[in-house]
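The sequence lines fix the lettering, A, B, ..., with proteins before strands; numbering per chain opens at 1.
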Amino acid sequence: MPVVISSINDGSISIYSSDDEIGETPLTDVLRTYLTLDIDNRNLFGEGFIKQYPEVAQLLKEYSGLKLLRQEPFETTITFMCAQGIGMTLIRRQIALLCEKFGSPCTIEFRGQKHRLYRFPDAECLAEAPLPLLQACTNNNYRRAVNIRRVAGAAASGLLDFGELGSGELPLDRLREQLCDFDGIGPKIADCIALFGLGRFDAFPIDTHVRQYLAGWFGIRRASDALTEKNYLRLQEEIRTILKPELAGYAGHLLFHCWRRKVRHLRTA
DNA sequence: CCCCAGGCTTTTC
DNA sequence: GAAAAGCATGGG
């Protein structure tokens, strides 16, 4: 999949075309893929869902245009490795620092003003990153820096092959197993990589917010229990009886944002 | 000083 | 095997 885009900040997205990267693929096709325009948002929730949870469906109307992106797998992997037991503000700070310290710079002009931006670093660069500098980008978390460097090395050497993982031929559980082989990647982050980076819209990551709406909206009792591996899998089973299994993760993304903003009143999207 | 944040790893049963 | 405890770091 050709990826020529990026730079997502606070809900806005900047798009740059680069002919040598696009090749013969028309830009419209690239955007269609990246923005998942092939997914019809009107088809995410079935009639049964709307009938059974009318109040949730009402809240969701505001989010009917929210798209989940097919993001670049390596970038997705590293960014979600930065997102464990930590708030959104700090997650964004880490990503910004990683880009500034290790990404290649580029300057764009927008409405007469020049902006200095940094691309997300490639695997080779992060694999060779000096540990103290990398740690400074990962919220001073030494372990996270080590884990990220190791994953970057695997991606650079081909030991971790996103082309293979993203081919769509691996069953979801096998895919998760391979990702979880790396320190710093557990079930939740593996599901996030599958969902956001590998286009596996059936993957349904369960984090603290998802647990809250599983309990609050759908009355799932087990969502309040400890999130052991068994319970995690059981909750995934359960949500697949409520959401369309093949689109559970995509639909969950809308539920996630809707819960955070409409119920929790959190400012950060 | 408490609890929380888009969990994971190690220890213990 | 699976559940409980430990872990790391900054913000509110």
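Between A/Ile148 atom CD1 and B/dC8 atom P the separation is 13 Å, expressed in whole Å. Atoms CD (A/Glu229) and C1' (B/dT10) sit 14 Å apart, rounded to a whole Å. The interatomic distance linking A/Leu227 (CG) with B/dA5 (P) rounds to 14 Å, in whole Å. The distance from atom CZ of A/Arg150 to atom C1' of B/dT9 is 13 Å, rounded to the nearest whole Å. Atom CZ of A/Arg144 is separated from atom P of B/dG6 by 12 Å (rounded to the nearest Å). Atoms CD1 (A/Ile193) and P (B/dG6) sit 18 Å apart, rounded to a whole Å. Between A/Arg264 atom CZ and B/dC3 atom C1' there is a gap of 12 Å when expressed in whole angstrom units. Nucleotide B/dC8 holds its C1' atom 15 Å from the CG atom of A/Leu179, rounded to whole Å.
Base engagement by A/Phe196 is indicated by at least one non-hydrogen atom pair under 4.0 Å involving a base atom. Nucleic acid contact for A/Ile189: sugar-phosphate only, since backbone atoms but no base atoms lie under 4.0 Å from a heavy atom of the residue. Counting non-hydrogen atoms under 4.0 angstrom, A/Arg211 reaches nothing in the nucleic acid. Counting any heavy atom pair closer than 4.0 Å across all strands shown, A/Lys188 reaches a base atom. When heavy atoms are screened at a 4.0 angstrom cut-off, A/Pro187 is found touching the sugar-phosphate backbone but no base atom.
The distance between the ring centers of A/Tyr118 and A/Phe102 does not fall below 6.0 angstrom. Aromatic pair A/Phe196/A/His253: centroids less than 6.0 angstrom apart.
For A/Asp181, the side chain to side chain contact (heavy atoms under 4.5 Å, CB included) criterion is met by no residue, not counting sequence neighbours.
Comparing B/dC1 with C/dG12, their C1' atoms are spaced 13 Å from each other, to the whole Å. B/dC3 and C/dG6 have their P atoms separated by 15 Å, given to the nearest Å. B/dA5 and C/dA8 have their C1' atoms separated by 12 Å, with the value rounded to a whole Å. Taking the C1' atoms as reference points, B/dC4 lies 15 Å from C/dC7, given to the whole Å.
A/Leu214 and A/Val263 fall within a single hydrophobic cluster, where Ile, Leu, Val, Met, Phe, Trp and Tyr are joined by side-chain heavy atoms under 4.5 Å apart, directly or via other members.
The A/Asp183 side chain lies nearest to B/dT9 when the options are B/dA5, B/dG6, B/dT9.
When A/Glu237, A/Lys244, A/Glu238, A/Gln236 are each tested for a side-chain contact (heavy atoms from CB on, under 4.5 Å) with A/Arg240, only one passes: A/Gln236. Under the salt bridge (Lys or Arg N to Asp or Glu O under 4.0 Å) rule, A/Asp38 has a single partner from A/Arg70, A/Arg32, A/Lys67, which is A/Arg70. Of the options A/Val210, A/Leu243, A/Ile239, A/Leu44, a side-chain contact (heavy atoms from CB on, under 4.5 Å) to A/Leu255 is made by A/Leu243 and by none of the others.
Ring orientation note: the planes of A/Trp259 and A/Tyr213 are tilted relative to one another, at an angle of 30° to 60°.
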- In 5'-to-3' order, the base (B), backbone-only (S) or no-contact (-) status of each nucleotide in nucleotides 5-12 of chain C, using a 4.0 angstrom heavy-atom cut-off, is ----SSS-
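Residue A/Leu195 is the one, among A/Phe182 and A/Leu195, whose nearest nucleotide of DNA chain B lies closer to the 5' end (criterion: closest heavy atom).
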